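What follows is a single structure, written as structure tokens, with notes after it.
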Amino acid sequence: MSAKRLLFVFSNSPFGNALGAEGLDAVLAASVFDQDVTLIFQLDGIYQLMKDGDTADIGIKDHRKGFKALEMYGVDTILVDAMDMEARGITESQLAIPAQPVDRTKITETIHQADAIFTF
Amino acid sequence: MSAKRLLFVFSNSPFGNALGAEGLDAVLAASVFDQDVTLIFQLDGIYQLMKDGDTADIGIKDHRKGFKALEMYGVDTILVDAMDMEARGITESQLAIPAQPVDRTKITETIHQADAIFTF
Amino acid sequence: MIYSIVVYGAPHSSQAPYSAYQFIQAALSRGHSIYRIFFYHDGATNGSSLVVSPQDDDLLPKAWHELKQQHEIDFVVCIGAGIKRGVINEQEAARYERTQHSLNDRFELSGLGQLVDASLKSDRVITFGAR
Amino acid sequence: MIYSIVVYGAPHSSQAPYSAYQFIQAALSRGHSIYRIFFYHDGATNGSSLVVSPQDDDLLPKAWHELKQQHEIDFVVCIGAGIKRGVINEQEAARYERTQHSLNDRFELSGLGQLVDASLKSDRVITFGAR
Amino acid sequence: MTTLHIFNQGTLQSALLQRCIETMSHKDALIFIEDGVVWATDSPLTSQLLGKAPQNAGIYVLSEDLGARGLSELKAESVAVVDYNGFVELTEQSQNTLSWF
Amino acid sequence: MTTLHIFNQGTLQSALLQRCIETMSHKDALIFIEDGVVWATDSPLTSQLLGKAPQNAGIYVLSEDLGARGLSELKAESVAVVDYNGFVELTEQSQNTLSWF
């Protein structure tokens, strides 16, 4: 069986709901299966990648450091919607991990090529 | 203690989540306390009031008939956002209960006059 | 002033209960009293004794516990919302023929009248919402 | 074709599990097979035996039961999502020192590997989402 | 058909539908289910956004959800109605599905 | 102050924030908490909508939530920062509160 292309799309801000933390867990689980794993961060999902931030004052565990471990797990195709970054006034230097800014055409193409897509 | 003004604001479509059904339950509870109860239906909350519809094919209980009981419970101040109805192409004859179409100024005023506001 | 707080969100799923807790601490420190916390919608899950925080990294259950011990605050889980989300006490378990129950005994299962009562007896009712 | 289904929403709170059930019935009637239903996020609550439908007006628990009896379908509740929402079996109850448990025995508590495995073994993975 | 987009949110999430539509190609399809069916009605609110969908992309609405909400009579002409059987058929014909919520 | 509007949703719910702002009078105030704090950042996406708020209406953001998300440096000038103590103070000064979510 050839490797399957698994795509994880993050569209939500961290902490308000559990989607970001649970999406990260799903990605980490997929990473051990030796498949072709891709992540897209778009819309408010981009805020999952902010370098700064400390959740001590809101009493919620900060799952975001887990995204830094992705490279170690061999997950290296991490795309961010370039227009969404610009609209939010966020630059690459403010992100916690290296992520590739891409345009919408590339996002549509990536979606088309996936075998299964998970939304968070 | 004079009667308190309790305001219930419905903004969500029925069935996709439980807010409409739970908001109705809260209104019915309030109605027995002999207070001044007002309802506002706005945005997709207007779809809570549609006259037609049968949920048998989706396997969900239809709470909407409960809104028809409101008058019996003495709840008669039911406002709908007139612009939201128009934007959705819905006319008063399509609603299950008589509701008063109002403009935004009236909605702001109603919010200002409330002692407590509940969102659904 | 007298405050009551309405919580719509479940621990782990939503920030609402965490925000409510922080707000309550700040309100108490400003000299206000909290009459009641009403757990409605998915917030009912706050009353479950079966919610587990792996690695004990979630301080909310302990925080509710201490808050209840130190202050006279009603913790009410809406009974209608609770039973639909698997938050039931021994009595409801017996009524609906379940062998197990889940309500944390610091919380009380009661009706929506408690929400209305809270709004009548409080100067402010603050909702921490979740969809 | 082989399908797997992912459910993010809880009964009563979200339409997602109801839609998933209708979709599955239609898929089966078109001759497809369902490999697994993976209950993630708030969908974990589908696996609770303590969810009560007042007046038995909710057919979903019974519908899951019959589906499981009539077809060979895995019903997996994500263990991570489950324990955070109070859906635990006897073993987890013992591990985390709870006196009660809540998992319906038609459902299995297992890890996210089951979600990945489902996506590898199925031709289609359909998510019924909830926020 | 390449991707079937599944959209289940109402008009409060207009920003999400806009992105869904911007992401679609003319080879894709979109189905409205659950609260998303309100987008399939004929109204000033909905027509503007739906009009931006790629030409030739199929736009569908789930009849069971439309009917449950009493909106069958209000359906927009540009949207095709399918039942659960047709929904499954759309997933057969597409290569994958993407759920928006 | 009459009503304190409490908004906790991100930009996917832009339609909800738009309505919140349309509903506000100049005597009202608005506080962004939880995921809503992203609206208090200085960016093309947010400035357009925030600019529609009634003049003199106070616009606040909760510092704890802004800081948790690493957005303190990005805060828009037109938004005032308050901590939980200040949030409680706003509820004291208002006659009622309306939560949008």
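Keep in mind that this is a model prediction, so the values were computed, not measured.
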Could you tell me whether the side chain of F/Val81 reaches within less than 4.5 Å of the side chain of F/Tyr60, counting heavy atoms only?
no

Do the side chains of C/Tyr40 and C/Leu112 get nearer than 4.5 Å, heavy atoms only?
yes

Is it the backbone or the side chain of C/Arg131 that comes under 4.5 Å from a heavy atom of chain F, or both, or neither?
both

C/Val125, part contacting chain F, at a heavy-atom distance under 4.5 Å
backbone

If we ignore angles and hydrogens, is there a donor and acceptor under 3.5 Å between the side chains of F/Gln95 and F/Thr3?
no

When C/Phe128 is tested against each of C/Phe39, C/Phe23, C/Tyr21, C/Tyr8 for ring-ring contact (aromatic ring centres under 6.0 Å, His included), which residue passes?
C/Phe23

Side chain C/Ser19, main chain C/Gln15, donor-acceptor under 3.5 Å:
yes

Among F/Asp65, F/Ile6, F/Asp83, single out the residue with the greatest number of heavy-atom pairs under 4.5 Å to chain C.
F/Asp65

Per-residue tally against chain C (heavy atom, under 4.5 Å) across F/Val88, F/Leu98, F/Asn85 peaks at F/Val88

Heavy-atom cut-off 4.5 Å, strictly under: side chain, backbone, both or neither for F/Asn8 against chain C?
side chain

Where does F/Glu92 contact chain C at under 4.5 Å (heavy atoms): side chain, backbone, both or neither?
both

Top contributor to chain F interface from C/Arg30, C/Met1, C/His32 [non-hydrogen pairs under 4.5 Å]
C/Arg30

F/Gln48 atom CD, neighbour heavy-atom count above 12 within 6.0 Å:
no

